[in-house]
Amino acid sequence: EPEVTQTPSHQVTQMGQEVILRCVPISNHLYFYWYRQILGQKVEFLVSFYNNEISEKSEIFDDQFSVERPDGSNFTLKIRSTKLEDSAMYFCAGKEYSGLLFFGPGTRLTVL
Amino acid sequence: GNSVTQMEGPVTLSEEAFLTINCTYTATGYPSLFWYVQYPGEGLQLLLKATKADDKGSNKGFEATYRKETTSFHLEKGSVQVSDSAVYFCALSDQADNDMRFGAGTRLTVKP
């Protein structure tokens, strides 16, 4: 059964550094998403992506964040200059035609 | 806008006890409703779903019925096991919204 994969599983970085989180969605999905979950808190929507552009983004998704799907396979989330409060689990998801989201296993980002 | 409200946790039960986790929603359209589960150290997994009023989603002994009249989608299980210990998220997806809204999550601990 196809599944969403994410790399790395855990990323540790210094404050102010750039990080790129990678996702490989299921191939026939058309909408892609990034969510984050700060430890012990709720799952928060960051951004949705369709037809090679952002279709919706939340207030969290400020100028420090960017997404792209450079090769039709990988879907990446870049944080330009990480802050301590960016430490969280980041989940990639893809949506199938029925509206069902399939989530990846997540990348744990730790900003020191 | 669309939103989901679910019962605050944590919930602690003994093995074989009956479980109910309440979830109510607010939506302008005709959303699909979901329960996701997050086991310790893992990502979000779909547990069950219902796409229209009066549908009942079920999986692994868990059930939830989409009640339009009470705007609810309560999660139930007749006899919980230690392995059911996890965080449970109620979620809503509306085609008009293009993203998924999550409840705050309810942590369930089942003791032997």
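The environment of B/Lys111 atom NZ is sparse: at most 12 non-hydrogen atoms of other residues, nucleotides or ligands sit within 6.0 angstrom. At most 12 heavy atoms of other shown residues, nucleotides or ligands fall within 6.0 angstrom of atom CG in A/Leu39. Within a 6.0 Å radius of CD in A/Glu3, no more than 12 heavy atoms belonging to other residues, nucleotides or ligands are found. For A/Asp63, the CG atom is loosely surrounded, since the number of other residues' heavy atoms within 6.0 Å does not exceed 12. Residue-environment remark: CD (B/Glu8) stays at or below the threshold of 12 foreign heavy atoms within 6.0 Å. Other residues, nucleotides and ligands place no more than 12 heavy atoms under 6.0 Å from the CD atom of A/Glu59. Within 6.0 Å of atom CD in B/Gln45, more than 12 heavy atoms from other residues, nucleotides or ligands are found, so the atom counts as buried in its surroundings.
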Practice task
Verify side-chain contact (heavy atoms from CB on, under 4.5 Å) between B/Tyr36 and A/Val43, making sure each step is shown before the conclusion.
Solution key: CA-CA 11 Å; B/Tyr36 282 84; A/Val43 179; over 6 Å; no

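Counting heavy atoms from C-beta on, the side chains of B/Met100 and A/Tyr33 never come closer than 4.5 Å. Using a 4.5 Å heavy-atom threshold, the side chains of B/Gln38 and A/Phe103 count as separate. Residues B/Leu44 and A/Tyr35 are not in side-chain contact: their nearest non-hydrogen atoms beyond the backbone lie 4.5 Å or more apart.
A salt bridge (charged side-chain N to carboxylate O under 4.0 Å, His left out) check over residues 53-77 of chain B, counting only residues at least two apart or in different chains, returns the pairs B/Lys52-B/Asp55, B/Lys56-B/Glu63, B/Lys77-B/Asp84.
For the residue pair A/Gln37 and B/Phe89, the shortest heavy atom distance occurs at NE2-CZ, 3.3 Å.
Each of A/Val19 and A/Val24 belongs to its own hydrophobic cluster when Ile, Leu, Val, Met, Phe, Trp and Tyr are linked at side-chain heavy-atom distances under 4.5 angstrom.
Taking 4.5 Å as the heavy-atom cut-off, the residues of residues 104-112 of chain A that approach chain B are A/Gly104, A/Pro105, ordered by number.
Proximity to chain A is limited to the side chain of B/Leu46, based on heavy atoms less than 4.5 angstrom apart.
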